[in-house]
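Data block below; observations after.
Heavy atoms only: backbone and side chains are in, while hydrogens, waters and symmetry mates are out. Chain naming here is simple, since letters A, B, ... match the order of the sequence lines and numbering starts at 1 in each.
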Amino acid sequence: MKGGEGEGVDVTDAVARRRSDKAKLTNDAELQRHYARMLLIREAEMRCGALFAEGAIPGFIHLSNGQEAVSVGVMAALRPDDTIASTHRGHGHALAKGLGLDSFFKELMGKADGACKGRGGSMHVADLSVGMLGANGIVGGGVAIAVGSALAHKLRGGDAVAVSFFGDGALAEGVLHECFNVASLMAAPIMFACENNGWSEFSPSSAQIAFTLEKLAAAYSLEYRRVRGSDVEEVAKAAGEAIERMRSERRPCVMEFMTSRVRGHYEGDMQRYRTDQGSLVDPLDVTREALEQRGVAPEILEALAADARAEVEAAVRAAQAAPDATLQSALEGVYAPKERA
Amino acid sequence: MKGGEGEGVDVTDAVARRRSDKAKLTNDAELQRHYARMLLIREAEMRCGALFAEGAIPGFIHLSNGQEAVSVGVMAALRPDDTIASTHRGHGHALAKGLGLDSFFKELMGKADGACKGRGGSMHVADLSVGMLGANGIVGGGVAIAVGSALAHKLRGGDAVAVSFFGDGALAEGVLHECFNVASLMAAPIMFACENNGWSEFSPSSAQIAFTLEKLAAAYSLEYRRVRGSDVEEVAKAAGEAIERMRSERRPCVMEFMTSRVRGHYEGDMQRYRTDQGSLVDPLDVTREALEQRGVAPEILEALAADARAEVEAAVRAAQAAPDATLQSALEGVYAPKERA
Amino acid sequence: MSEARFAHAINRALDDALERDSRVLLVGEDIAKAGGVFGATRGLFDKYGRERVLDFPISENAMAGVAVGLAMGGYRPVIEIMFMDFVALAMDGIVNQAAKLHFMFGGQGDVPLVVRTQHGGGLNAGPQHSQCLEAWFAHIPGLKVVCPATLDDAYALLLASIEDPNPVIFVEHKALYAMKGALSEPAPKAELGVARIERAGSDVTIVTYGAMVHEALAAARSLAEEGVDAEVINLRTLQPWDESAVLASLSRTHRLVVAHEAVEAFGVGAEIAARMAQIGFDELDGPIMRVGAQFLPIPFARNLEKAVLPGAARIVEAVRATHG
Amino acid sequence: MSEARFAHAINRALDDALERDSRVLLVGEDIAKAGGVFGATRGLFDKYGRERVLDFPISENAMAGVAVGLAMGGYRPVIEIMFMDFVALAMDGIVNQAAKLHFMFGGQGDVPLVVRTQHGGGLNAGPQHSQCLEAWFAHIPGLKVVCPATLDDAYALLLASIEDPNPVIFVEHKALYAMKGALSEPAPKAELGVARIERAGSDVTIVTYGAMVHEALAAARSLAEEGVDAEVINLRTLQPWDESAVLASLSRTHRLVVAHEAVEAFGVGAEIAARMAQIGFDELDGPIMRVGAQFLPIPFARNLEKAVLPGAARIVEAVRATHG
Ligand SMILES: Cc1ncc(C[n+]2csc(CCOP(=O)(O)OP(=O)(O)O)c2C)c(N)n1
Ligand SMILES: Cc1ncc(C[n+]2csc(CCOP(=O)(O)OP(=O)(O)O)c2C)c(N)n1
Ligand SMILES: [Mg+2]
Ligand SMILES: [Mg+2]
């Protein structure tokens with residue numbers, strides 16, 4: 001096996017050890033970065049939950065607790081010019097893709113300079129400047145948008161790609177199947193990224209979906225991979241490989257991330273219907289344990305958590321102090337003005 | 001192998017020969033009946049085409065020339081309490097299921113006692129009394145209706161089944177995929193009957209559909225069978241077996257009938273886009289040849305054709321002489337009156 | 001009379017319909033064991049079982065079409081489209097199929113089908129979970145459209161809708177589910193197409209429906225303090241709507257306000273106003289005023305949603321303007 | 001000036017848009033090699049190739065959503081929904097996504113998207129191929145709705161729609177495609193939201209759009225013989241519609257008829273009438289009359305379709321009734 005540039009052919013044990021240490025260090029650093037992002041999402045969402053409970057955030061709030069590794073792992077493989085379209089459960093996707101924490105909290109609190117000027121709220125967080133084409137209140141609603149975005153990437157040339165996130169429940173929506181077909185026909189560089197948390201709102205998806213995504217992908221001859229969605233490294237690796245292929249080969253693929261919906265469908269959900277609590281896997285636990293096993297000091301992990309808390313705290317404070325959205329701005333914001341075109 | 005009632009165990013060659021002659025005779029009689037029905041549909045539709053060309057039938061007219069063996073073969077396996085939902089190309093389905101020729105022509109000419117009182121025309125021929133739930137102007141529009149009908153059969157008990165006819169182009173419509181899922185989940189006794197004529201209007205379906213129906217059915221673990229749609233015996237046999245299974249096992253299945261759209265998409269279509277004329281297989285030719293090979297006399301075949309012509313001629317005359325639909329009846333027909341409920 | 005919530009009235013009507021008529025089925029997303037997102041079907045799965053109360057996957061268009069097939073097959077499905085915004089996915093089944101079949105097949109069959117759905121703001125549910133789209137359906141021959149305001153109406157109109165042999169769009173308001181009120185005993189009855197005068201008055205007619213009925217009554221109370229005696233008509237059914245009741249009232253008051261939560265432009269109120277500007281023209285002593293949501297998607301933020309949605313204050317202003 | 005058909009005017013506008021702006025794309029069913037069912041895109045695939053003129057499978061909802069994604073990605077898709085009835089399958093993409101994104105994302109992005117579709121009767125296409133559903137879209141904040149009547153309008157309004165940074169529903173009339181007429185040279189220009197007086201008159205204002213403009217002009221000619229001088233206003237854009245032009249005309253004529261082919265009840269005309277019954281009330285000397293299709297699905301039979309669809313005769317009657 002040939003090594004890379006500058007590496008000798010005679011690899012001694014010591015060198016090998018040093019190299020693997022270095023790789024481990026790199027991996028650790030990367031995993032720490034992943035962990036930090038996941039912590040930030042978790043911390044932000046727990047604050048959302050608390051702010052919702054105390055009435056400071058209204059509306060329907062779907063937290064992605066348990067699914068952070070998918071957001072962070074997939075987004076680690078994406079560039080700012082890549083695009084994603086998300087779901088009702090879109091906080092993690094948005095924050096991981098680069099939506100600022102301030103904009104995020106301001107949006108959820110309905111503030112004038114929230115990400116969407118307070119007009120969309122949790123179900124519509126978006127940041128087009130970083131390629132985050134919006135959470136979506138319609139199950140399956142973002143899938144075709146992502147395919148269109150992928151087609152735009154393809155038509156423009158270059159190697160940007162799009163990712164469509166959707167839940168296992170969305171597999172029942174016809175538009176998703178239309179999109180599998182369209183993307184296949186047009187060889188759009190899109191990843192259909194299913195976050196399979198086992199639930200469609202209050203019903204187990206097994207009672208709603210009669211097929212497996214694997215078999216469905218096979219019907220369209222689409223590359224498919226099932227990934228442990230609680231393992232951010234595995235997610236990042238698998239997504240990274242798939243996305244690299246999409247950059248050159250310009251065709252769709254399907255990935256299924258097996259995840260756990262740690263909380264209720266939305267905040268306020270009493271979850272009386274739930275029976276699977278025993279089997280939930282929390283990616284933050286998984287990642288923390290991995291880091292601990294690799295010898296990362298507890299103080300470092302605590303420092304990361306403290307950083308996340310501080311960042312979130314600052315953003316929440318900024319949001320609370322920010323001015324409310326104004327009706328005038330909303331009234332003027334229904335149509336795009338001609339000049340911008 | 002045990003024989004049937006009253007038959008000895010020692011089967012001599014002679015008996016066997018006589019038995020197979022009898023079977024052949026039965027088969028011939030049955031095939032002649034099939035052929036007669038196919039002739040009737042062909043003759044009726046050719047008259048539609050002619051009446052359209054001379055302006056006596058208006059609107060959009062999609063003929064099923066080339067697909068008659070599917071209509072006749074599938075319907076041979078159905079009972080009047082079984083239901084079908086059809087497509088824009090629904091004449092053959094309707095006539096084979098039992099819509100009267102008079103009602104049919106009157107409908108297409110917009111007469112007062114047409115099947116639908118002249119309100120629907122070619123794209124909406126229906127006869128609920130024989131379980132024909134309507135042609136449909138919306139591609140894929142009949143599929144969910146058929147699933148609902150199958151569910152009604154299932155909920156009611158008994159062994160009636162439903163058949164959903166659709167074209168290969170309809171495979172692109174999301175609702176069809178929703179229906180595959182729903183029917184699988186609910187174990188609805190429905191046959192998804194695809195008439196694959198290779199065309200979606202003016203485009204080859206190969207340019208519109210990225211998957212095969214066989215693979216799609218496999219994704220839903222649905223029984224699938226591909227059948228030569230030009231061979232009415234093969235259609236009848238395959239459909240008959242599938243439907244018998246559905247009667248007892250109460251679950252969906254998928255059949256794909258490979259057919260040829262012998263004429264244009266609709267009447268008046270110049271078909272400049274067509275390149276496949278060489279490969280078209282006409283089920284009437286196939287069946288006539290089969291009958292000839294089985295020694296059915298040419299006079300008999302000619303008599304059957306003459307019968308069909310006469311029947312159609314009589315129906316056309318009756319329709320031409322019939323009174324036009326009236327506005328008053330239409331105005332009163334928008335809502336079902338309470339009493340009927 | 002019993003104290004209950006609006007959602008209970010819906011639930012009671014469904015329960016009674018299931019009890020009385022074995023052809024009635026409930027179909028919807030999370031309506032069976034889960035009892036529906038707003039609890040309207042709670043308990044019915046346990047009581048009537050899986051053959052009467054059916055959970056459906058997230059496939060709104062198929063749901064509508066399947067319901068048409070069930071209706072043609074002799075059943076009386078009541079489907080639930082969880083938010084009215086999601087009807088956007090079911091328009092083919094409702095508009096191209098259900099609405100037209102009875103007519104289009106020359107009266108051969110009926111489509112006794114009810115689409116329960118809920119509209120409106122008040123929960124900060126945002127642009128895709130707050131729309132009032134009833135005008136879409138009122139425009140379609142073959143459909144009926146019903147929108148109850150009170151517990152009695154919710155109960156009685158829902159039963160009447162289920163008993164109707166035609167497809168009925170039955171629109172509940174999400175902010176009403178928790179509303180407490182009285183449910184009459186013996187159980188109230190209602191006929192589709194008949195409006196009710198909720199408050200008699202002689203100075204101005206306020207025509208409205210759904211949750212806005214309560215705003216209109218509040219407006220009438222505050223107008224009374226100004227010495228203006230407003231009549232409040234609750235349409236209850238939007239298609240067909242009770243033209244003669246509105247005209248009769250207008251002939252007494254000579255002034256007209258039409259109010260609803262839906263976007264004013266091209267909303268249901270436009271038809272009422274336009275019709276009265278024709279057949280009631282000679283009765284009119286002032287301009288016909290309309291009240292509805294301003295022309296923008298319903299925004300999420302509390303203060304924005306509140307500002308956009310019309311309430312009693314805007315109705316009062318409109319009444320004043322009929323004199324202007 | 002050149003003689004052409006209405007379909008050519010559409011074709012020319014698409015051609016010029018494709019030529020001028022490389023971001024413009026055409027997407028639709030059978031629009032590429034086949035040139036569209038009504039021939040509106042004929043030749044454009046050959047001229048601009050597969051990267052600009054894209055055939056799409058029979059997946060209307062995906063088509064709308066894909067177009068939104070293309071629009072957000074910097075393109076200017078013009079999609080064709082073959083018959084307006086089929087928009088029932090694309091409402092989510094159009095209404096929940098396209099219409100709301102610019103607003104809902106706080107103005108972050110535009111959705112410059114045109115949905116070309118065709119409505120109306122006259123071809124005996126039956127209940128599922130003849131509907132005029134423009135009122136649905138006019139009710140939705142965030143959408144614009146355009147409906148041309150003449151070749152010049154077809155050309156100029158289509159270009160203006162493509163240049164608009166917002167989603168525009170562009171509604172052609174199937175019976176107009178073959179209509180011959182003049183296409184001005186140099187190419188005409190138009191602005192959305194501006195009506196045009198097609199015929200000046202002093203006795204009554206007839207407000208209309210699309211194919212009915214021609215019926216209104218015929219009605220005006222026959223009214224002229226009775227000594228009634230009708231003004232005909234062609235709205236051209238339905239959302240936003242030119243309120244001030246209509247009000248100004250009404251202020252001169254004091255009588256108003258609103259006419260369209262769509263079902264009268266809850267149609268576009270209701271909004272025009274309702275609005276004038278408010279802001280134009282003092283100008284009105286007689287009832288506002290509306291003309292539209294009767295309240296039934298468009299029937300197939302020749303005589304039925306003809307009886308149901310409104311024409312010049314019904315407009316004449318309505319004008320008479322404004323004096324009644
Ligand atoms: C078209 C549509 N139908 C129904 C809903 C209501 N709803 C919101 S989320 C949800 C379940 C979605 O399940 P899944 O796609 O697995 O996502 P998850 O909630 O598990 O993240 C439903 C039914 C909706 N928002 N849109
Ligand atoms: C929803 C919808 N989209 C488009 C059309 C226009 N259309 C009518 S038939 C047809 C092609 C259908 O192809 P297929 O399903 O294979 O049936 P075939 O015509 O081959 O019998 C199309 C696109 C329609 N009627 N309905
Ligand atoms: Mg899920
Ligand atoms: Mg075909």
Side-chain angles (χ1 to χ4, degrees), chain B residues 83 85 103 107 113-121 123-129 133-134 136-138 140-156 160 162 173-179 181-183 185-186 188 325 329-330 332-341, chain C residues 21-23 25 27 50-52 54-77 89-90 92-93 95-113 140-144 160 162-167 191-192 240:
Chain B
T83 47
S103 299
E107 184 57 30
D113 54 354
C116 305
K117 302 196 174 141
R119 299 176 197 160
M123 265 193 286
H124 302 290
V125 287
D127 186 346
L128 270 49
S129 71
L133 306 184
N136 209 305
I138 304 297
V143 182
I145 295 175
V147 172
S149 181
L151 264 184
H153 293 318
K154 175 152 182 160
L155 289 171
R156 184 171 295 107
E173 285 288 4
V175 72
L176 184 130
H177 300 258
E178 294 183 354
C179 284
N181 185 45
V182 167
L185 284 173
M186 304 195 174
S329 155
E332 288 165 4
V334 180
Y335 292 94
K338 186 101 198 198
E339 298 72 53
R340 311 179 29 142
Chain C
D21 187 343
S22 64
R23 300 170 302 174
L25 306 173
V27 180
R50 44 188 290 123
E51 304 225 318
R52 305 289 305 284
L54 289 79
D55 264 335
F56 209 84
I58 316 176
S59 310
E60 285 80 6
N61 200 14
M63 199 196 298
V66 163
V68 172
L70 283 166
M72 294 176 88
Y75 287 89
R76 298 185 155 253
L89 290 154
D92 182 57
V95 170
N96 287 331
Q97 313 297 337
K100 296 178 172 45
L101 291 197
H102 173 76
F103 175 85
M104 190 163 71
F105 293 166
Q108 286 185 67
D110 301 345
V111 186
L113 155 62
I140 302 299
L143 296 179
K144 297 188 179 183
I162 295 172
E163 282 160 17
D164 200 278
N166 296 288
E191 209 179 310
L192 301 190

Query raised in the report: Can you name the closest pair of heavy atoms from C/Asp110 and B/Ala336 and give their distance?
Result: OD1-CB, 3.4 Å
Requested in this report: May I ask you to name which of C/Leu25, C/Asp92, C/Val68, C/Ile58 has the most heavy-atom pairs under 4.5 Å with chain B?
Outcome: C/Asp92
Report task. Between chain B and each of C/Ala64, C/Gly73, C/Ala99, C/Gly142, count heavy-atom pairs under 4.5 Å; write down the option with the most. Result -> C/Gly142
**Report entry** Partner chain C: residue of B/Asn181, B/Asn136, B/Ile138 with the largest heavy-atom pair count (under 4.5 Å)
**Finding:** B/Ile138
Query raised in the report: Measuring heavy-atom distances to chain B, does C/Gln97 have an atom under 4.5 Å in its side chain, in its backbone, in both, or in neither?
Result: side chain
Query - Nearest-0.5 Å distance that lies between atom CZ in C/Phe105 and atom CG in B/Leu133 - result: 7.5 Å
Report task. Please state whether the side chain, the backbone, both or neither of B/Leu185 comes within less than 4.5 Å of a heavy atom of chain C. Result -> side chain
Query raised in the report: Heavy atoms, side chains only, cut-off 4.5 Å: are C/Tyr75 and B/Arg156 in contact?
Result: yes
Query raised in the report: Under 4.5 Å between any side-chain heavy atoms of B/Met186 and C/Val66, yes or no?
Result: no
Query raised in the report: Which answer fits C/Asn61, side chain, backbone, both or neither, if we ask what part of it has an atom under 4.5 Å from a heavy atom of chain B?
Result: both
Query raised in the report: Which atom pair, heavy atoms only, marks the closest approach of C/Ala62 to B/Ala144?
Result: O-CB, 3.8 Å
Query raised in the report: Given that the side chain runs from C-beta out, which part of B/Asp127 has a heavy atom under 4.5 Å from chain C: side chain, backbone, both or neither?
Result: both
**Report entry** Contacting region of B/Ala126 [heavy-atom separation from chain C under 4.5 Å]
**Finding:** both
Query raised in the report: Relative to chain C, which of B/Ser149, B/Gly142, B/Ala188 shows the most heavy atom pairs under 4.5 Å?
Result: B/Ser149
Query raised in the report: Do you know which of B/Ala146, B/Gly137, B/Gly141, B/Cys179 has the most heavy-atom pairs under 4.5 Å to chain C?
Result: B/Gly141
Query raised in the report: Any side-chain heavy atom of C/Met104 sitting closer than 4.5 Å to one from B/Cys116?
Result: no
Report summary line: Scored by heavy-atom pairs under 4.5 Å with chain C, the best of B/Leu155, B/Thr83, B/Leu151, B/Val125 is B/Leu155
Query raised in the report: If we only count heavy atoms from C-beta on, is the C/Glu60 to B/Glu178 side-chain gap below 4.5 Å?
Result: no
Report summary line: Whatever's closer than 4.5 Å to a heavy atom in chain B on C/Ala160 counts as backbone
Report task. With sequence neighbours left out, write down each residue that passes ring-ring contact (aromatic ring centres under 6.0 Å, His included) with B/His177, or none if nothing qualifies. Result -> A/His177, B/Phe211
Report task. Could you tell me which portion of B/Ala85 (side chain, backbone, both or neither) has an atom closer than 4.5 angstrom to a non-hydrogen atom of chain C? Result -> neither
Report summary line: Cut-off 4.5 Å, heavy atoms of chain B, and the answer for C/Ile140 is backbone
Query - Closest non-hydrogen atom pair between B/Gly148 and C/Leu70, with its separation - result: O-CD2, 3.5 Å
Requested in this report: Can you tell which part of C/Asp21 gets under 4.5 Å to a heavy atom of chain B, answering side chain, backbone, both or neither?
Outcome: neither
Report task. Using non-hydrogen atoms and a 4.5 Å limit, figure out which bit of C/Pro141 sits close to chain B: side chain, backbone, both or neither. Result -> both
Report task. List the atom of B/Leu128, the atom of C/Gly109, and the distance in Å for their closest heavy-atom pair. Result -> CD2-CA, 3.6 Å
Query - Expected output: side-chain B/Tyr335 to main-chain C/His102 donor-acceptor under 3.5 Å - result: no
